[in-house]
Structures are given as C-alpha cells and as structure tokens.
Amino acid sequence: MVVEKATLLKDVLFFIKSDLSNNITDPISSNRPSKSSFVMTSYPSRPVNYPIITIKTLNVKAIRAGMQTTAQDITINLEIRIWARNTKERDELFDSVFNRLDSIQFTSSTGSTANNLHDLTIGSAVEVTEEGDKGIKSKVIEITYKFYNTT
C-alpha cells in the first residue's frame with residue numbers, strides 16, 4: 001500500500017495502524033474480547049480493555065515545493081497515544097512503538113519511505129497519569145512525517 005495524496009490522511013492512518021497492529025505484541029491478546037481492538041484510529045465510544053494504542057491526526061501543513069510549481073511538500077503531525085494499566089506496561093509499549101516506527105523507515109517495500117512518508121521525527125513524548133494507583137497511565141507521542149513533492 002502506498003500513501004497517495006488523494007487519500008492522504010486515510011492512507012497514513014491505515015499504514016501506521018496496520019503496521020503497529022501486526023508488529024506490536026498485545027499484552028492481553030489471549031484475553032482481549034473479540035469486539036475490543038488493541039490499535040485504533042480514534043478513542044472508542046464502547047467500553048475499553050486496556051492497554052490500547054490510539055492514532056489520530058493533529059495537523060497537516062502544505063507548502064509549495066518550489067517556485068512556479070503546483071507541487072506541495074506536506075507535513076503530517078500525528079498523535080500516537082498509549083493507554084496502559086500501569087507505568088511498566090506503558091513504557092514497554094512506548095519502547096515497542098518507538099523502535100518499530102524507527103526501524104521501518106527504510107525497509108525496502110513496506111517501510112515508511114517506500115510508502116511516501118519521509119523524515120520521521122518524534123516531537124515529544126508526554127506522560128499523562130490519572131489519579132490513584134488504579135488510574136490509567138498513558139503516554140502521548142507526537143510524530144511528524146513529510147510527504148514530498150505532491151501535485
């Protein structure tokens with residue numbers, strides 16, 4: 001699957017979701033209910049079984065790719081949020097997500113560059129902890145990809 005400009009946001013979210021779903025181990029895969037997902041592109045409205053990973057678009061910015069051209073360079077900011085039952089699980093999932101995104105940048109036919117997504121940048125990784133020992137622990141990761149010279 002190659003990310004295309006005509007379906008840019010859908011393609012980017014699908015690429016990241018599919019890759020993480022297939023390559024990050026769900027700590028509760030054997031106990032996860034069939035109607036529950038581990039990786040999704042929005043926070044679900046139905047009851048959740050933690051841990052989960054959510055992916056959403058934060059911002060898209062397009063600038064002209066040069067003088068006298070209609071081609072554009074597009075910057076896509078995404079939020080990947082890891083929601084976990086405890087800090088150890090959150091940090092292990094963060095490491096898995098970070099290492100996966102980093103390692104697939106230049107994979108020949110399936111990596112992010114092969115899918116027209118370039119220059120992975122991790123802008124921030126902020127911890128968010130709900131009150132109390134039983135509170136959900138999460139980490140919000142902001143990542144950026146560039147989509148170059150599209151017409």
Side-chain angles (χ1 to χ4, degrees), residues 1-5 7-63 72-148 150:
M1 179 218 147
V2 176
V3 175
E4 301 287 341
K5 183 181 179 191
T7 52
L8 182 65
L9 295 181
K10 179 180 133 245
D11 289 353
V12 170
L13 292 173
F14 181 78
F15 169 72
I16 300 292
K17 178 185 176 199
S18 296
D19 190 83
L20 294 181
S21 295
N22 293 325
N23 295 290
I24 303 295
T25 303
D26 179 356
I28 64 164
S29 60
S30 60
N31 297 328
R32 187 172 293 281
S34 60
K35 292 186 177 185
S36 176
S37 296
F38 176 49
V39 181
M40 56 198 78
T41 56
S42 65
Y43 192 81
S45 56
R46 61 185 183 265
V48 173
N49 297 92
Y50 295 103
I52 62 171
I53 298 171
T54 57
I55 307 161
K56 71 178 185 178
T57 305
L58 292 178
N59 189 31
V60 177
K61 179 179 160 184
I63 58 172
Q72 294 179 320
D73 293 338
I74 300 173
T75 303
I76 305 157
N77 293 82
L78 301 171
E79 174 189 289
I80 299 176
R81 188 165 184 169
I82 298 162
W83 308 76
R85 299 169 291 183
N86 55 60
T87 54
K88 181 178 186 255
E89 184 176 69
R90 179 201 64 205
D91 292 345
E92 288 173 352
L93 286 170
F94 168 80
D95 288 343
S96 295
V97 168
F98 174 77
N99 290 325
R100 179 63 191 169
L101 294 175
D102 184 47
S103 70
I104 64 166
Q105 289 183 82
F106 305 111
T107 306
S108 61
S109 63
T110 59
S112 51
T113 299
N115 283 280
N116 296 328
L117 298 173
H118 304 274
D119 299 339
L120 170 68
T121 304
I122 305 291
S124 66
V126 178
E127 295 178 4
V128 180
T129 302
E130 299 293 326
E131 295 292 322
D133 290 338
K134 302 244 183 208
I136 297 302
K137 313 302 186 236
S138 69
K139 188 169 281 203
V140 180
I141 309 160
E142 184 179 329
I143 68 168
T144 302
Y145 282 108
K146 303 276 175 123
F147 188 79
Y148 288 118
T150 62

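As the structure is a prediction and not an experimental result, all values here were calculated from the model. In what follows, every heavy atom counts, from backbone to side chain, and hydrogens, waters and symmetry copies are set aside.
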Enquirer: Should S37 and R46 be marked as a side chain to side chain contact (heavy atoms under 4.5 Å, CB included) after you check the CA-CA gap, both sets of side-chain angles, and the distance that decides it?
Expert: CA-CA 11 Å; S37 296; R46 61 185 183 265; 4.1 Å; yes
Enquirer: For a 4.5 angstrom cut-off between non-hydrogen side-chain atoms, does I16 reach I80?
Expert: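 With C-beta onward as the side chain, the pair touches.
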Enquirer: Taking side chain as C-beta onward, heavy atoms only, is V48 less than 4.5 Å from Y43?
Expert: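 Contact flag for V48/Y43 side chains = yes.
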Enquirer: Could you go through V128 and K139, starting from their C-alpha distance and side-chain angles, then the distance that decides it, and tell me whether this counts as side chain to side chain contact (heavy atoms under 4.5 Å, CB included)?
Expert: CA-CA 6 Å; V128 180; K139 188 169 281 203; over 6 Å; no
Enquirer: Under a 4.5 Å cut-off applied to non-hydrogen side-chain atoms, are T75 and D119 in contact?
Expert: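 In short, these two side chains do not touch, never coming nearer than 4.5 Å.
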Enquirer: Please confirm whether the backbone N or O of I52 pairs with a side-chain atom of T54, one donor and one acceptor, at under 3.5 Å?
Expert: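 Looks like no, no N/O pair under 3.5 Å.
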Enquirer: Are I141 and F98 side-chain neighbours, meaning at least one heavy-atom pair lies under 4.5 Å?
Expert: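 Heavy-atom side-chain distance check fails, nothing below 4.5 Å.
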Enquirer: Indicate yes or no: does D19 engage R100 in a salt bridge with an N to O separation below 4.0 Å.
Expert: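 Salt bridge present between D19 and R100.
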Enquirer: If you take all heavy atoms of I24 and S96, which pair is closest and at what distance?
Expert: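 Here I24 and S96 meet closest at CD1-O, 3.3 Å.
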Enquirer: Are P51 and W83 packed together at the side-chain level, in the sense that at least one heavy-atom pair is separated by less than 4.5 angstrom?
Expert: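 A side-chain contact is absent here, since even the closest heavy-atom pair is not under 4.5 Å.
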Enquirer: OG1/T7 to CG/L13 distance, rounded to the nearest 0.5 angstrom?
Expert: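 Interatomic distance, T7 OG1 to L13 CG, rounded to 0.5 Å: 11.0 Å.
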Enquirer: Show your reasoning for whether side chain to side chain contact (heavy atoms under 4.5 Å, CB included) applies to I28 and R85.
Expert: CA-CA 11 Å; I28 64 164; R85 299 169 291 183; 3.3 Å; yes
Enquirer: Evaluate the side-chain proximity of D102 to Q105: yes if any heavy-atom separation is below 4.5 Å, no if none is.
Expert: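 Yes, at least one pair of side-chain atoms sits under 4.5 Å.
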Enquirer: Closer than 4.0 angstrom, basic N to acidic O: yes or no for E89 and K137?
Expert: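 Salt bridge between E89 and K137, a charged N being under 4.0 Å from a carboxylate O: no.
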Enquirer: So, taking the atom named NZ in K146 and the one named CG in L120, what distance separates them when rounded to the nearest 0.5 Å?
Expert: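 The CG atom of L120 is 11.5 Å from NZ of K146, to the nearest 0.5 Å.
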Enquirer: With a 4.5 Å heavy-atom cut-off, do F106 and S112 have their side chains touching?
Expert: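 They are not in side-chain contact.
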Enquirer: Is any side-chain heavy atom of I104 closer than 4.5 Å to a side-chain heavy atom of T110?
Expert: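 Sidechains of T110 and I104: no contact.
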Enquirer: Between N116 (side chain only) and V3 (backbone N and O only), is there a donor and an acceptor less than 3.5 Å apart?
Expert: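 Looks like yes, one N/O pair under 3.5 Å.
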Enquirer: Counting only N and O atoms by type, is there a donor-acceptor contact under 3.5 Å from the side chain of S103 to the main-chain atoms of N99?
Expert: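 Between the backbone of N99 and the side chain of S103 there is a qualifying donor-acceptor contact (under 3.5 Å).
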Enquirer: Any chance you could measure Y50, atom OH, to R90, atom CZ, to the nearest 0.5 Å?
Expert: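 One finds 14.0 Å between OH of Y50 and CZ of R90.
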Enquirer: Quick one: OG1 on T129 to CD1 on I136, what's the gap to the nearest 0.5 Å?
Expert: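 The distance works out to 10.5 Å.
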Enquirer: What distance do T144 atom OG1 and I76 atom CD1 have between them, rounded to the nearest 0.5 Å?
Expert: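 Reported to 0.5 Å precision, the distance equals 9.5 Å.
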Enquirer: On a heavy-atom basis, which atom in M40 and which in S42 lie closest, and how many Å separate them?
Expert: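 Closest approach of M40 to S42: CG-O, 3.1 Å.
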Enquirer: Taking the six-membered ring for Trp, are Y148 and H118 ring centroids under 6.0 Å apart?
Expert: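 Ring-ring flag for Y148/H118: true, centres closer than 6.0 Å.
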Enquirer: If only atom types and distance count, is the side chain of R81 paired as donor or acceptor with the main-chain N or O of K56 below 3.5 Å?
Expert: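 Such a contact is absent between R81 side chain and K56 backbone.
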Enquirer: What's the spacing between N86 CG and D91 CG if we round to 0.5 Å?
Expert: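 The CG atom of N86 sits 9.0 Å away from the CG atom of D91.
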Enquirer: Under the side chain to side chain contact (heavy atoms under 4.5 Å, CB included) criterion, do I74 and K61 qualify, and how do the steps go?
Expert: CA-CA 6 Å; I74 300 173; K61 179 179 160 184; over 6 Å; no
Enquirer: Is a donor on one side and an acceptor on the other found under 3.5 Å between the side chain of R32 and the backbone of N49?
Expert: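 Answer holds: yes.
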